[in-house]
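All figures in this text were calculated on a predicted structure; none of them were measured in a lab. Order of listing sets the numbers, starting from 1, for every ligand and every atom in it.
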Amino acid sequence: MTQHPTEPTPDRGPAPRQALATAAAPRDWWREAVIYQVYPRSFADSDGDGMGDLEGVRSRLTHLRDLGVDAVWLSPFYASPQADAGYDVADYRAVDPVFGSLLDADALIRDAHALGLRVIVDLVPNHSSDQHEWFKRALAEGPGSPLRERYHFRPGQGEDGELPPNDWESVFGGPAWTRVADGEWYLHLFAPEQPDFNWEHPAVADEFRSILRFWLDMGTDGFRIDVAHGLVKAEGLPDLGSHDQLKLLGNDVTPFFDQDGVHEIYRSWRTILDEYSGERIFVAEAWTPTVERTARYVRPDELHQAFNFQYLSTHWDAAALREVIDRTLDSMRPVGAPATWVLSNHDVTRHRTRFGNPPGLGTQIRSAGDPELGLRRARAATLLMLALPGSAYVYQGEELGLPDVVDLPDEVRQDPSYFRAAGQDGFRDGCRVPIPWTRTGPSYGFGPGGSWLPQPGDWAELSVEAQTGRPGSTLELYRSALAARRAQPALGAGESVEWLDAPEGVLAFRRTVPDGPCVVVTANTTGAAVSLPAPGEPLLTSAADGAVPAATDGRFPLAADTTVWWLA
Ligand code: GLC
């Protein structure tokens with residue numbers, strides 16, 4: 001941890017740099033942007049240690065350009081003991097040696113910009129690592145240390161303070177409090193190695209303003225804010241009073257999640273961001289009970305985007321999808337923010353596997369389900385998502401149609417929540433397996449060595465190499481979809497969709513822009529073909545054979561679990 005935030009660190013990169021130049025940047029680029037999440041551990045490994053790194057990412061940037069995304073979001077690569085895969089940050093201004101150096105980060109940002117790709121980095125403000133300099137000193141100095149005020153240290157309850165200060169539980173399972181040797185307890189909403197910051201303390205707020213500037217000066221185009229709903233805790237840290245806390249998470253406002261005070265912080269951050277040129281953005285990871293509450297994070301003077309987790313959690317079902325789409329658009333319209341669609345990320349079972357399982361299992365699924373059905377639906381769901389107004393996020397590997405790896409042996413698992421009983425998460429390693437680039441070679445071209453999590457033996461045909469140029473492959477579907485989205489502004493534009501009549505289980509809607517062709521989207525979420533009026537000329541289908549059956553008498557059969565885009 002740098003003691004004096006404004007002092008340059010020894011391996012600091014070149015002088016403050018611009019974000020991707022404003023010159024070529026269309027205004028409001030982020031409103032319809034497709035942003036690709038790189039999970040650096042699992043993307044590409046340049047040095048053969050089995051762990052991906054920044055140089056690996058840099059070497060594969062052309063994949064992202066060829067895919068046609070606008071920006072990349074990098075999960076944390078900062079100095080960290082990796083107790084939670086880097087979401088436990090020990091030094092916010094340093095790159096962990098396992099991922100490279102600040103100079104590598106600088107080179108990556110520069111190369112991405114040269115390819116027209118913006119770079120968004122992850123900011124982890126709810127908690128630090130227990131190896132952060134502040135926390136180490138807070139522990140060493142003992143009760144009464146001013147450093148303890150930057151975290152939540154409390155005496156325990158009970159005769160000898162042997163009980164935690166309140167009844168909060170960690171998201172990863174078990175109590176949210178750990179007792180230290182001198183008898184005090186500290187709060188950690190996640191793993192014990194992730195102590196929560198006390199955001200009431202001015203030094204915490206100052207430190208994060210400085211960290212924002214550090215990465216903005218490095219030329220990054222924005223931040224994904226980790227646990228954006230968690231920074232502020234209710235005054236006095238009151239008991240939750242529920243014995244079923246995990247059910248409340250994401251479904252209710254709690255004394256530790258979605259407190260109103262967080263918005264003040266984002267207003268202050270927004271003024272910093274707006275001092276910088278190039279339309280840099282914030283995207284919130286805010287698990288809130290409703291899309292209406294998510295909309296509060298993207299009011300005009302706060303953040304730009306917030307992931308739509310209600311959408312992510314919706315099964316492949318026309319009525320449920322229509323409802324969440326409408327509710328989202330109705331919530332975002334009044335605050336003037338774009339909807340931000342997402343189907344997969346590093347914390348949930350990949351959508352191919354979710355959709356291959358029955359509904360109602362949540363976002364952490366332990367069964368492979370029906371992988372073929374899952375793939376068909378996942379492809380259809382992607383075309384549906386990419387035709388909705390607003391921005392969309394793509395998680396690395398979904399463009400290859402990767403399934404979750406549900407049968408990892410216990411001894412290779414690293415997700416800290418797997419080892420804590422009854423946590424909300426626990427099976428996140430399955431979506432973090434390094435991605436396959438080539439048919440052959442160690443770790444399918446992930447790197448010159450192995451991979452930190454074992455890859456399944458049948459991933460050769462899922463590799464980028466195998467799918468490139470193969471008609472009907474999932475990779476080519478994503479490329480075609482993103483190219484069509486660029487060519488047809490109607491696909492991402494606007495704030496509403498115009499619903500068309502459709503039989504049960506089918507979604508049909510029109511997307512328009514002034515003075516441009518309109519696109520009609522038809523999505524069949526049922527397991528049987530449905531006959532529909534042909535709305536125009538087919539533009540793209542999610543069907544693996546790439547074919548849309550010809551219309552007879554103006555009607556065509558929309559295949560089971562298939563989405564088709566039409567130029568109308
Ligand atoms: C966020 C991250 C997740 C992490 C947690 C604690 O939810 O996405 O991976 O475990 O925060 O930082």
*Just checking, is any N or O donor in the side chain of Glu399 or Tyr36 under 3.5 Å from an acceptor N or O on the other one?*
yes
*Name the option, out of Phe307, Phe190, Tyr39, that contains the heavy atom nearest to atom 5 (C) of ligand 1.*
Phe190
*asked:* Any nitrogen or oxygen of Glu285, side chain or backbone, less than 3.5 Å from one on ligand 1?
replied: yes
_I need the atoms of ligand 1 closer than 4.0 Å to a non-hydrogen atom of Arg428, numbered in the order shown._
3 (C), 4 (C), 9 (O), 10 (O)
*Is the distance between the ring centroids of Tyr297 and His263 less than 6.0 Å?*
yes
*For atom 3 (C) of ligand 1, which of Asp347, Asn345, Asp122 has the closest heavy atom?*
Asp347
_Taking only non-hydrogen atoms of Phe172, do any sit less than 4.0 angstrom from ligand 1?_
yes
_Sub-4.0 Å heavy-atom approach of Val124 to ligand 1_ = no
*Can you list the ligand 1 atoms lying under 4.0 Å from a non-hydrogen atom of Gln194?*
6 (C), 12 (O)
*Pair Phe446 + Trp459: ring centers closer than 6.0 Å*: no
*For Gln82 and Arg41, test the side chains for any donor-to-acceptor distance below 3.5 angstrom and give the result as yes or no.*
yes
*Run the ring-centre check on Trp215 versus Phe223 and record whether the distance is less than 6.0 Å.*
no
*asked:* So if I count the atoms of ligand 1 from 1 in the order they appear, which ones are less than 4.0 Å from some heavy atom of Asp84?
replied: 4 (C), 5 (C), 6 (C), 10 (O), 12 (O)
*Does Arg432 reach ligand 1, in the sense of a heavy atom lying below 4.0 Å from it?*
yes
*For ligand 1, which atoms sit closer than 4.0 Å to a heavy atom of His346?*
2 (C), 3 (C), 8 (O), 9 (O)
*Taking the non-hydrogen atoms of Arg224, is any one of them nearer than 4.0 angstrom to ligand 1?*
yes
_Ring centres under 6.0 Å, that's the criterion: do Phe355 and His315 meet it?_
yes
*Relative to the heavy atoms of His127, which atoms of ligand 1 are at a distance of less than 4.0 Å?*
6 (C), 12 (O)
*Under 6.0 Å between the ring centres of Trp199 and Phe208?*
yes
*With sequence neighbours excluded, tell me which residues meet side-chain contact (heavy atoms from CB on, under 4.5 Å) with Glu141.*
Arg137, Ser145, Pro146, Leu147
